[in-house]
Amino acid sequence: MPRVVRLDDVWQMLDNCLPGHEKISKPHRWNVKFNGRLYHEVPLGRHGARANPEIETGHIRGLVKFFGIKKDCYENFVNLH
Amino acid sequence: MTEKITPAIGTKYPLLFTYRDTLFGNGFLVEVQATNGRALCVRESEDEYWVYGINPGGMAAYGEDPDAAHAAFRKTFSHILVDLAHGSESFEEFQSAVQTFFDQTNEGYGAEWREALHAVKRGEVSIEGIAIVPANSPRAITVSMKQVEQVTAQDNSANVHYLLAA
């Protein structure tokens, strides 16, 4: 099974490492928008929306690379490796 | 007896993919043809392969082997098109949203994709049954309106394949 991180930790990471981003709720996923760019695939968690679900780390690795978030910032909030 | 070699953790596969989707939008029927989209498949741990989109850059998907990871990636791609259709009031708006989605590059994984081409060229990385094609194969996405009369049973069999880039 893939490794996971908590969604609340992801939001905290984004608040600190990508200030000014926007979270957009979609029926089956979250989108994150910043500077006109949109990351489409932050899942709601297994079995649909839940409070602070576990999110597979690969989605968040994709997100940090997409927005160019530095490791020395994100690693304070989420363990992606 | 042939021995199956298990790729090392961290092995990277630079992929090119071609997909076709037919879907409904708000008041229109549309076909989306993505040609030579770029993605990087990485063996992240024992049974954990991830496909990270590069063009389009805003998505990733997981599977227990490269085929399964690609199948999940392809499914996610279609789901995102449906999301974009939901959010578009017209064909033109949808067309623009799809073009933007495809053009937004994941530069971080893009650099790793280019680096991974060398290992494929040297013959160190391969996927059984997957052909190798030039990395600079032209990339495009087309979005075209369809009339109901143009829809055939062929539209149920999406044009789906992925290839290894070198």
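Each chain gets a letter, A, B and so on, in the order the sequences are listed, and its residues count up from 1. All values derive from a computational prediction rather than experimental measurement. Values reported hereafter were calculated over all heavy atoms of this structure, with side chains retained and with hydrogens, waters and symmetry mates removed.
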Check: Sub-3.5 Å donor-acceptor pair from the side chain of B/Q104 to the main-chain atoms of A/G36, do we have one?
Finding: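 Yes; at least one donor-acceptor contact below 3.5 Å.
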Next item on the list: Against chain A, work out which of B/G108, B/A60, B/A111 has the most heavy-atom pairs shorter than 4.5 Å and name it.
Entry: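 Answer, by heavy-atom pair count under 4.5 Å with chain A: B/A60.
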Item checked: Closest-packed option against chain A by number of heavy-atom pairs under 4.5 Å, given B/T105, B/L40, B/V42 ->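 Most heavy-atom pairs under 4.5 Å with chain A: B/T105.
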Notebook entry, point to check: Please walk me through it: do B/E44 and A/L80 pass side-chain contact (heavy atoms from CB on, under 4.5 Å)?
Noted result: CA-CA 11 Å; B/E44 296 282 6; A/L80 300 182; over 6 Å; no
Might you confirm whether atom [atom1] of [X] has over 12 heavy atoms from other residues, nucleotides or ligands at distances under 6.0 Å?
X: B/K121; atom1: NZ; value: yes
X: B/K75; atom1: NZ; value: no
X: B/H161; atom1: NE2; value: yes
X: B/E115; atom1: CD; value: no

Notebook entry, point to check: Is B/E107 salt-bridged to A/K65, cutoff N-O under 4.0 Å?
Noted result: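 Answer for the salt bridge query: no.
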Note to self: How close do B/Y52 and A/G58 get, counting heavy atoms only, and between which atoms?
What the structure shows: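 Closest heavy-atom pair between B/Y52 and A/G58: CE2-O, 3.4 Å.
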Margin query: Rounded to the nearest 0.5 Å, what separates atom CD in A/E41 from atom CZ in B/F73?
Written below: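 Reported value, rounded in 0.5 Å steps: 10.0 Å.
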Notebook entry, point to check: Given that the side chain runs from C-beta out, which part of B/E112 has a heavy atom under 4.5 Å from chain A: side chain, backbone, both or neither?
Noted result: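 Side chain of B/E112 only, per the 4.5 Å heavy-atom cut-off to chain A.
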Margin query: If I measure from the heavy atoms of chain A, does B/T100 come under 4.5 Å with its side chain, its backbone, both, or neither?
Written below: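 Neither part.
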Next item on the list: Determine whether B/F94 and B/V151 fall in the same hydrophobic cluster, where Ile, Leu, Val, Met, Phe, Trp and Tyr are linked whenever their side-chain heavy atoms lie under 4.5 Å apart.
Entry: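 B/F94 and B/V151: separate clusters.
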Checklist line | Shared hydrophobic cluster for B/L29 and B/V98 (ILVMFWY, side-chain gaps under 4.5 Å) | finding: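 No, because B/L29 and B/V98 fall into different hydrophobic clusters, even though each may have its own neighbours under 4.5 Å.
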Notebook entry, point to check: With clusters built from Ile, Leu, Val, Met, Phe, Trp and Tyr whose side-chain heavy atoms come within less than 4.5 Å, directly or transitively, what are the remaining members of the cluster of A/L38, listed by chain and number?
Noted result: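 Members other than A/L38 - counting any ILVMFWY side chain reachable under 4.5 Å - are A/I24.
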Could you tell me if the side chain of [Y] sits less than 4.5 Å from the side chain of [X], heavy atoms only?
X: B/M59; Y: A/F66; value: no
X: A/H59; Y: B/W50; value: yes
X: B/Y109; Y: A/R61; value: yes

Throw together a table of side-chain donor-acceptor distances under 3.5 angstrom for residues 77-85 of chain B, partners on residues two or more places apart or in other chains.
residue : atom : partner : partner atom : Å
B/S78   : OG   : B/D21   : OD2          : 2.5
B/S78   : OG   : B/R74   : NH1          : 2.8
B/D83   : OD2  : A/R29   : NH1          : 2.8

